[in-house]
> 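Pasting in a structure now, in structure tokens, and then I'll have a few things to ask.
Here is how names work: the chains are called A, B, and so on, in the same order as the sequence lines, proteins then strands, and each is numbered from 1.
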Amino acid sequence: MHSTSALSFSQATSLPTTNYAFHSHSAVNLRFCGLRRQAFGFSFSTHSTSTRLRLSTRAHSYKISASDGNNGTPPKSFDYDLIIIGAGVGGHGAALHAVDKGLKTAIIEGDVVGGTCVNRGCVPSKALLAVSGRMRELQSEHHMKALGLQVSAAGYDRQAVADHANNLASKIRNNLTNSMKALGVDILTGFGTIVGPQKVKYGKVGSTDTLVTAKDIIIATGSVPFVPKGIEVDGKTVITSDHALKLEFVPDWVAIVGSGYIGLEFSDVYTALGSEVTFIEALDQLMPGFDPEIGKLAQRVLINPRKIDYHTGVFATKITPARDGKPVIIELTDAKTKEQKDTLEVDAALIATGRAPFTNGLGLENINVLTQRGFVPVDERMRVIDANGNQVPHLYCIGDANGKMMLAHAASAQGISVVEQVTGRDHVLNHLSIPAACFTHPEISMVGLTEPQAREKAEKEGFEVSVAKTSFKANTKALAENEGEGLAKLIYRPDNGEILGVHIFGLHAADLIHEASNAIALGTRIQDIKFAVHAHPTLSEVIDELFKSAKVKAPASTSTSTSTSSPVTEPVSA
Amino acid sequence: MANILQTSFLPSTSSLRRTPISGSKGKSQVLQVKAKIREIFMPALSSTMTEGKIVSWMKSEGDKLSKGESVVVVESDKADMDVESFHEGFLAAIMVEEGGVAPVGSAIALLAETEDEIAEAKAKAKSQSSSSSSSSSQKAVEEQPKQIEEAAPDVPAASSVAAAPAVLAPKTVALGSAVHPASEGGKRIVASPYAKKLAKELKVDLGTVVGTGPMGRIVAKDVEAAAVAVVGTVAASPAKPAPVAPGIELGTVVPFTTMQGAVSRNMVESLSVPTFRVGYTITTNALDALYKKIKSKGVTMTALLAKATALALAQHPVVNSCCRDGNSFTYNSSINIAVAVAIDGGLITPVLKDADKVDIYTLSRKWKELVDKARAKQLQPHEYNTGTFTLSNLGMFGVDRFDAILPPGTGAIMAVGASQPTVVASKDGRIGMKNQMQVNVTADHRVIYGADLAAFLQTLAKIVEDPKDLTF
């Protein structure tokens, strides 16, 4: 969809935070959650607002159940074939596909179309990162000199940069809205609440609700920034990604709580604009969740040479915004001993500890569904599971709200999968084929398993794992751009050539990953894809070389001239 | 990374050394070779590799190493690779810092077998790096002059007036009193991430640095200033041989950068202007005393000098005039003092606008901002080409007098030398010690005459010798 993002591994159940993950999970489920993958928005930037919403919708639901006593029984005819609650990227993707399949579709949105991704996530952050990438280049005297360029002074106008991000968001928002209108999707304005099987009501706070029915319902309400307790967000000096994307000021020194991809991307933006950054990470390592080797390299390139320092293995247990002439004060507590370790005084703190599902006020209690730490429980087909472990018929949940993989494009893919199912074709989305990217300079991208995950799986299932690597230093195009820093890594089964995971750190890594993710999605094996031709000289030759350097024992499945019925036993490559 | 290689850890007897190292002759004489202290060499990671860059040290000095553990990441012409330790022991001394480049086969660190030998190894590393041509020492030399240049306009401007060698001592005293308001009586050091990195790189003890950032935190320029103070001390000791100009390949032809081209054009153009010079010696005791008093409020010596000059110019508008066409001249409506600043690869003149009107505290803040921008190469054209009178100060190098070339489009430029304690005979027949500095003004004689400059300098001397007007 509109820009990818987010590195999310592991199961759906962990609270989406690297810094404040629950202890029992934090070591295993390293998830980056984040701004850009929210599927939709009821999203409010503060918790107080969402609480208010929940209370008011509950009041409404009482009124309705008093007047309409038969909520428990499904209606006989429906207003719509499909109703989607939440017009984020996930809901939008589902709506477009539903129209394509001939369904009469409505989408309910209580905030702005586009959700987190378009308004407070991937989209505006890409605008800021485009600026930071150029600033970084212009400021790198060494880089410019190597290219023979002379630039005297690179400067920026903060408001103009902020406007660029804002304009981009509104442009994409309009595109999204228009694309749905043009296809005949009804956009219903208000907050949606499920009142019973196949029944939804919607309406703005304070006005009367409208009841609509649909054969199938998709919940796509997305997520909001997660703020651990003890942290006081004032929106000025202690902020979340929602505020940071407005770029209202560029602090001299900003502490970023959480070194997942949201934190990393903002560190890229802030340092390019002249800030100094301190990372606070609860785990013992920065960038948990990335393949360890990629993480190590990324730290060497993205952290160590920049004006960044870090504290690992600590929680920011208390953050007080700047006031009365005092700076932002951050209390650090050792993650293991729970002893207070240090105090930081900085100009601003950005809370990038992940995202929490936005499912309050959805009326799930009306259909006996219990959320798990806010996430809506679903099976592999995104069908909602009720408190007794049974499927709720005709009800699905996609995107950040189910927490399976908190990425915008994952939400959209899940939505399309649901539409396939309700239109008669069984479909299960392979989450291991969904790529993720972090848009730092250079970028990081990945698909499938990390090396430790692959090795664990191999041990359990008894197969062999091999790793192949190529360097951007050997790539002509990368060298021409004077951007030779980078690594591509392939994790695969040498016996049958299955791709288990691909991780890339280097120039345009986010664009390069799709050759690998498509191969995984389509089940293409290395011994076959290695014969595909790449244009020269391009960065995608890094991936070409990666596939070619893999040592697979299985033969290629297609052979140009000598295809015979006898099984070929010789290895394709030694 | 890609491949895990075994380094060659060889006992450091010279007979066993694989590759002869240039300049190692002196080294092997200095060394008392003990087999227990091993050298870690830059490994050859590919057949075409001649030198390698240290990407990062995964261990710090004093860390224990077990056999097969990764010690350092080396970047070759092809890829980055982890280098493993081939022996057990302690990483005693790192000889090539991160980012440094070393030829294949040269020592990059020392490995001691026992903890007791670490100190010995360290001493050895020191003697080696001072005599060998290892790039780490080269790099260090390279960085020092740069630091001097960069920080020159700001901090050392103070030393120029307060007598270069003498200032260092009082400075260290001041450094000792670093107290951050929130640092719990100096127990805790509050320094920005970049300041910490710089301190490590420049080997500055943060405990001795006075913070001037927000809330008194230590920021990068404080560390740079402290480093310059240290370097200054070193440079002052006559025993030390002058460092060789760094990073310059002799015998090469280097095209002008944009900035050098611009300077060159201006200098040639200046030949068409008939200039002359008038010098003056000014006593600075009162100015030094004032500076000491208000330094804590962020006032810099550069700002004080600019302010004094501007006030003098206000009384002598002709010295602030300029002649562009040879037929007429312009009395400039505002007094904008340009101050020459050496930056990496050239010279730039940030401008303090309306220096006669702006109060000294604002002026000092403005100057800090301009210097920061100049260093970051972010000065806008109007911030460096609108000067009406230029100041050039070489006092921080101990220069006592020099002569400046008049920048085209202005009427005069003043060269400021170091303020030095001087024995002077006073009119009442006594002999005393006073701090004196020499200034030398170059002016365009088409519009400014000798008497004009003389009168201007007399006014300036009066202001500097009785500087109460500077802080109105």
> For the pair A:K307 (side chain) and B:A195 (backbone), establish whether a donor and an acceptor sit closer than 3.5 Å, ignoring hydrogens and angles.
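Not at all, since once roles are kept as given, no pair shorter than 3.5 Å links the two residues.
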> Measure the spacing between CZ of A:R300 and CE of B:M58 and express it to the nearest 0.5 Å.
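The CZ atom of A:R300 sits 7.0 Å away from the CE atom of B:M58.
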> Could you give the distance from CG (A:N304) to OG (B:S56), rounded to the nearest 0.5 Å?
7.0 Å
> Any chance you could lay out the side-chain contact (heavy atoms from CB on, under 4.5 Å) test for A:T271 and B:Y194, step after step, and finish with the verdict?
CA-CA 10 Å; A:T271 52; B:Y194 186 45; over 6 Å; no
> Tell me, yes or no, whether the heavy-atom count around B:E61 atom CD, taken from other residues, nucleotides or ligands under 6.0 Å, exceeds 12.
yes
> If every non-hydrogen atom of A:D252 is compared with every non-hydrogen atom of B:R217, which pair is closest and at what distance?
CB-NH1, 4.3 Å
> Does any heavy atom of chain B fall under 4.5 Å from the side chain of A:V301, the backbone, both, or neither of them?
neither
> Considering residues, nucleotides and ligands other than B:K64, do more than 12 of their heavy atoms fall under 6.0 Å from its NZ?
yes
> What part of B:A374 gets within 4.5 angstrom of chain A, counting heavy atoms only: side chain, backbone, both, or neither?
neither
> Just checking A:H142: does its NE2 atom have more than 12 heavy atoms from other residues, nucleotides or ligands closer to it than 6.0 angstrom?
no
> So, for B:P193 and A:T278, which heavy atoms are closest and what is the spacing to 0.1 Å?
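Shortest heavy-atom separation between B:P193 and A:T278 comes out as CG-OG1, 3.3 Å.
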> Heavy-atom cut-off 4.5 Å, strictly under: side chain, backbone, both or neither for A:D347 against chain B?
both
> A quick test of your reading: do over 12 heavy atoms of other residues, nucleotides or ligands sit less than 6.0 Å from CZ of A:R323?
yes
> Tell me, for A:V346 versus chain B, whether the close heavy atoms (under 4.5 Å) come from the side chain, the backbone, both or neither.
backbone
> Heavy-atom cut-off 4.5 Å, strictly under: side chain, backbone, both or neither for A:K326 against chain B?
backbone
